[in-house]
2 protein chains.
Amino acid sequence: MTRTPRQDDRRDRLIEAAARLFRKQGYERTSVRQLAEAVGILSGSVFHHFDSKEDILLAVMSTTITTMIERLREAAGSASTTRGRLLALIQTELDLLHGNTRDGVSIIFFQWNSLSNANQKELLAMREEYERIWLDALQAARDGGALNAEPFIARRLLTGANGWTIYWYHRDGALSLDELAGTILGMLTGSLSRGQAEVIRGSEV
Amino acid sequence: MTRTPRQDDRRDRLIEAAARLFRKQGYERTSVRQLAEAVGILSGSVFHHFDSKEDILLAVMSTTITTMIERLREAAGSASTTRGRLLALIQTELDLLHGNTRDGVSIIFFQWNSLSNANQKELLAMREEYERIWLDALQAARDGGALNAEPFIARRLLTGANGWTIYWYHRDGALSLDELAGTILGMLTGSLSRGQAEVIRGSEV
DNA sequence: CAGTCTACCAAGCGCTTGCTTGGTAAGCAA
DNA sequence: TTGCTTACCAAGCAAGCGCTTGGTAGACTG
């Protein structure tokens, strides 16, 4: 039997497997035994790496939010115009939801209530950091006249619209993520039709 | 001990309690014992009214969808213009989500995956009936030039945006449901600002 | 007023759950 | 070589789960 101490790869693999299974089956319907089996250990051994099952969910969410903030901050910085920044944020959130971070990100969106209140509080500051980036961009868009609605309302509608895509959007379909992002931006700002995404990103307002 | 035979009120009360508890706690985290306690019977007695726990969820969803279809059909028929009809549908869906049907409707939106595949199939025809009303209205809006996006994409974005309101919208806040509906219609059709809802409903396109 | 049906209780069964315990082989440091 | 640490296994515990069983009081039916 191979032992690989001084190397937390089992822990990381557990987080990965948990993200995958939690997304597919939900947190409650995923047992610790399933998690253990997914990485090739017995159920009791899971508790060598984590104090509780919920701690695994917390770890999944925590590492995911960190990535989300990082990616969104990058996107916000990459665009030079108000509208271009908004598009970049939408594209990024969609990519977070459908790229290789999708397991964790879906869990952030739709398994939030499986976390105890105490642990929700623990992550709230990070979530707010993520939302702050959005609200700043939306406020700028509003100041510039590109957005009609109040930023925080627009963001919440957007959160739902984007998050819900995990239930119907498939990357291998006819609709590309950038096209979808363009459609969403068009709705938000009320003028853009699909397929113009590339034109706008980086150009003037 | 009061017995009231020939009267299915316990069954109805169970469905009601289930809707409430499933929404608040989730289906998996709600036990049959809790459901029983909510209506004042013992856990075993629940299975006099339902074959299984999942059957209760099915009953909640089934009765809810029936109401949803009914209400949405009414709304679609009440408006004389394309845009007015769209607004009526949005208002109705928001009211379904936040009025006295909100428990069941929230469950339709967010506990769908707790149903077994077999039971999902059972309800699919009803869901499609509901969506058909939406798609017809959106298609008409598109034909009339009021909507830029493809109807089925618009609807899915809308589904997410509307459904997500259960996580942040509160009736007793400053924002009224009709104002919110106006904002959403404005985004969909790309021209309306908030507060104009009443003006548009029933007027010409 | 006997027979049937409805709506429940009391008890508990079989199973799964998250988690604990005690032990051990392998790796590392001195 | 000794001693400590890491990463696991083997076994199982207590609690809770959905659900079943056998029985009974009251209401309804002929």
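Here is the naming used below: chain letters follow the sequence lines, and residue numbers restart at 1 for every chain.
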* Side-chain N or O of A:S45 less than 4.0 angstrom from OP1 or OP2 on D:dA7? -> no
* For the side chain of B:R33 and the base of D:dG18, is some donor closer than 3.5 Å to an acceptor across the two? -> yes
* To do: Would you kindly give the CG-to-P distance between B:D55 and D:dG18, to the nearest whole Å?
  => 14 Å
* Nearest whole angstrom, please: distance from the P of C:dT20 to the CZ of A:F47. => 7 Å
* Mind calculating the distance between CG (B:D9) and P (D:dA27) to the nearest angstrom? => 15 Å
* **Passing candidate, side-chain hydrogen bond (donor to acceptor under 3.5 Å, both in side chains) with A:Y130, options A:R73, A:E70, A:E93** => A:E93
* B:D12 CG to C:dA7 C1', straight-line distance once rounded to whole Å -> 15 Å
* Structure fact -> Closest of D:dC19, C:dC19, D:dA7 to the A:H48 side chain is D:dA7
* From B:V60, B:L123, B:V105, residue fulfilling side-chain contact (heavy atoms from CB on, under 4.5 Å) relative to B:I65 -> B:L123
* To do: Check whether the side chain of B:S43 and the base of D:dC19 form a donor-acceptor pair under 3.5 Å.
  => yes
* To do: Please state how far atom CD in A:Q25 lies from atom C1' in C:dT16, giving the value in whole angstrom units.
  => 15 Å
* Mind calculating the distance between CD (B:E37) and P (D:dC17) to the nearest angstrom? => 12 Å
* Asked: Over how many whole Å does the gap from B:E54 atom CD to D:dG18 atom P extend?
  -> 12 Å
* May I ask you to decide if the ring planes of A:F109 and B:W164 are parallel, tilted or perpendicular, using 30° and 60° as cut-offs? => tilted
* Asked: Out of B:T101, B:D95, B:T66, which one pairs with B:R71 under the side-chain hydrogen bond (donor to acceptor under 3.5 Å, both in side chains) rule?
  -> B:D95
* Taking CG from A:L14 and C1' from D:dT6, how many angstroms apart are they, rounded to a whole number? -> 15 Å
* Return the nearest nucleotide to the side chain of A:L42; candidates are C:dC9, C:dT6, D:dA10. => D:dA10
* Using 30° and 60° as the class limits, which term best fits the ring planes of A:Y169 and A:H98: parallel, tilted or perpendicular? -> perpendicular
* Side chain of A:I41 - closest among C:dG18, D:dC17, D:dC9 -> D:dC9
